[in-house]
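Please read these numbers as outputs of a predicted model, since none were measured by experiment.
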Amino acid sequence: MCEEYEKKLSGKTAKIRPAHQPSVEAAKAHWKTVGKPLNSLGKLEEAVVRMAGVRETADYKIRKKGLVIMCADNGVVAEGVTQTGQEVTAIVAENFTRRATSVCLMAEVAGVELFPVDIGMATDVAVVTKPEYKVMSGTKDMLLEPAMSRNQAAQAVLTGIHIVEKLAEQGYDLLATGEMGIGNTTTSSAVASVLLSQDVEKMTGRGAGLSAEGLNRKIDVIRQSIELHQPDKNDVLDVLSKVGGLDIAGLAGVFLGGALCRIPVLIDGFISSVAALCAARLCPAAADSMMPSHKSGEPAGGMVLDALGLSPFIDCHMSLGEGSGAVAAVPMLEMGLAVYREMSTFEEIHVDQYEEFE
């Protein structure tokens with residue numbers, strides 16, 4: 001079965017194409033005709049062009065927006081690397097369905113629909129949990145044993161891809177990523193340390209407010225886990241299975257699914273960016289469909305985006321998670337696209353077009 005899941009995953013990634021360069025060039029050319037100073041909207045112009053390459057057309061609209069929130073628990077919480085216990089994951093996951101979290105309110109303003117997914121919570125939540133999406137009831141304690149099997153890691157990635165395929169069928173043309181899982185800054189730091197060949201201490205932060213003593217414990221647990229399992233940085237599934245999390249694996253699938261279905265996908269914060277890095281390592285062409293949102297407050301947040309060659313749209317020192325940073329960037333993208341699509345051209349306002357100089 002393990003080989004079957006990997007075979008299916010390879011079949012999906014083999015179909016992913018890089019950005020459509022004719023659409024990219026057409027979008028750049030259109031920006032030059034818009035009646036405003038050249039390049040004056042900066043990263044918003046770049047974002048519109050990038051989305052054109054993903055959508056394979058320079059003439060596109062954003063009609064339906066969704067936020068996929070992967071919810072999962074991490075066995076490493078047993079090692080005292082967090083302030084709160086696993087029970088919080090299920091509580092917050094249920095609150096996503098009750099308009100009772102920060103991102104719910106933000107998404108309402110941005111016109112983004114929420115899709116919380118129980119891909120691996122320790123406790124089922126009736127309004128969230130669907131057996132077809134749940135890989136396991138929380139990972140193992142990676143300090144003692146691999147977090148999950150290679151089979152389960154591949155299954156989680158495929159689950160993320162499948163969810164995007166379903167949303168694509170429903171007409172969603174912009175997706176944001178989010179997560180909920182106590183302990184997932186620990187797993188994300190572990191995965192990032194391995195994939196980027198960086199020292200654990202450099203890649204690990206306080207998460208949701210650890211003390212100095214708690215941070216030291218977290219660093220020690222990650223370092224010992226990596227030393228125990230020796231994950232292969234050149235094998236993403238090996239890294240995810242040994243020191244990763246189901247939410248990271250599922251989000252990696254969302255990024256791959258976005259590339260497969262030609263839908264731009266917004267990266268949220270640190271956990272989401274690590275998932276994006278996993279997706280890019282599994283299929284480099286998938287990186288073209290990834291959109292940065294903000295720079296995470298976690299120490300390694302900027303480093304992971306740098307590794308992806310992406311520069312964040314906003315820097316609000318946010319570290320909430322849930323997809324809050326990704327959702328915050330949605331209105332900015334829509335503003336940029338509105339100017340691109342609706343503003344008069346130089347020809348229409350009878351003004352000489354700006355010349356572009358080197």
Side-chain angles (χ1 to χ4, degrees), residues 42-47 50-51 67 70 81 102-103 106 175-181 183-210 212 214-216 218-219 222-223 226 233 236 239-240 243-245 247-248 251-252 254-255 258 264-282 284 286-330 332-333 336:
K43 290 182 180 179
L44 296 188
E45 294 189 32
E46 295 172 10
R50 191 175 183 87
M51 288 190 288
L67 167 63
M70 289 292 180
V81 295
S102 300
V103 80
M106 296 172 71
L175 294 177
T177 51
E179 39 62 40
M180 179 60 219
N184 60 11
T185 60
T186 300
T187 52
S188 296
S189 294
V191 172
S193 295
V194 175
L195 293 182
L196 297 182
S197 301
Q198 294 290 335
D199 184 76
V200 170
E201 188 170 358
K202 186 177 180 180
M203 306 297 286
T204 307
R206 294 176 183 266
L210 281 177
L215 175 59
N216 289 333
K218 182 177 178 180
I219 291 169
I222 296 171
R223 184 172 284 128
I226 292 172
K233 69 176 183 178
V236 171
V239 178
L240 285 171
V243 296
D247 47 358
I248 303 171
L251 287 177
V254 171
F255 289 111
V265 182
L266 276 159
I267 301 169
D268 183 37
F270 179 47
I271 293 95
S272 177
S273 67
V274 170
L277 182 62
C278 290
R281 293 290 177 88
L282 284 166
D288 287 351
S289 66
M290 300 173 188
M291 310 285 294
S293 63
H294 74 117
K295 182 179 178 181
S296 168
E298 284 290 297
M303 294 177 62
V304 176
L305 287 180
D306 288 344
L308 288 166
L310 297 173
S311 176
F313 298 137
I314 52 180
D315 187 357
C316 295
H317 301 284
M318 296 171 67
S319 56
L320 175 64
E322 301 180 6
S324 52
V327 166
V330 169
M332 297 179 66
L333 296 183

### Task
Any chance you could measure I248, atom CD1, to C278, atom SG, to the nearest 0.5 Å?
6.5 Å

### Message
Quick one, K233 with S197, criterion side chain to side chain contact (heavy atoms under 4.5 Å, CB included). Give me CA distance, side-chain angles, the key distance, then yes/no.
### Response
CA-CA 8 Å; K233 69 176 183 178; S197 301; 3.0 Å; yes

### Task
List the atom of K202, the atom of P299, and the distance in Å for their closest heavy-atom pair.
O-CB, 3.9 Å

### Task
Considering non-hydrogen atoms only, spot the tightest contact between I314 and A328 and give its length.
CD1-CB, 4.0 Å

### Message
Restricting to non-hydrogen atoms, name the atom on M291 and the atom on F313 that form the minimum distance, rounded to 0.1 Å.
### Response
CE-CZ, 4.1 Å

#### Entry: E46 side, atom CD; L310 side, atom CG - distance, nearest 0.5 Å
10.5 Å

### Message
Checking T177 against S272: is there a side-chain donor and acceptor pair closer than 3.5 Å?
### Response
yes

### Query
Which heavy atom of A252 sits nearest a heavy atom of A279, and at what distance?
O-CB, 3.5 Å

### Summary
Rounding to 0.5 Å, atoms CG (L67) and CD (E322) come to a distance of 9.0 Å

#### Entry: Neighbour count above 12 (heavy atom, 6.0 Å) for E201 CD
no

#### Entry: Minimal non-hydrogen separation, A326 against A176, with atom names
CB-CB, 3.7 Å

### Query
How long is the gap from CD on E298 to CE on M203, to the nearest 0.5 Å?
10.5 Å

### Summary
Tightest non-hydrogen contact, residues I267 and A276, listed as CD1-CB, 3.8 Å

### From M51 atom CE to S289 atom OG, the distance as rounded to the nearest 0.5 Å
12.5 Å

### Task
Enumerate the residue pairs fulfilling side-chain hydrogen bond (donor to acceptor under 3.5 Å, both in side chains) with a member in residues 184-196, sequence neighbours excluded, ordered by first and then second residue.
E179-N184, N184-D247, T185-K218

### Query
Is a side-chain N or O of R50 found less than 3.5 angstrom from the main chain of M290, in a donor-acceptor match?
yes

### Task
Supply the atom-to-atom distance L333 CG to L266 CG, rounded to the nearest 0.5 angstrom.
5.5 Å

### Query
What residue among V274, L277, V191 forms side chain to side chain contact (heavy atoms under 4.5 Å, CB included) with L196?
L277

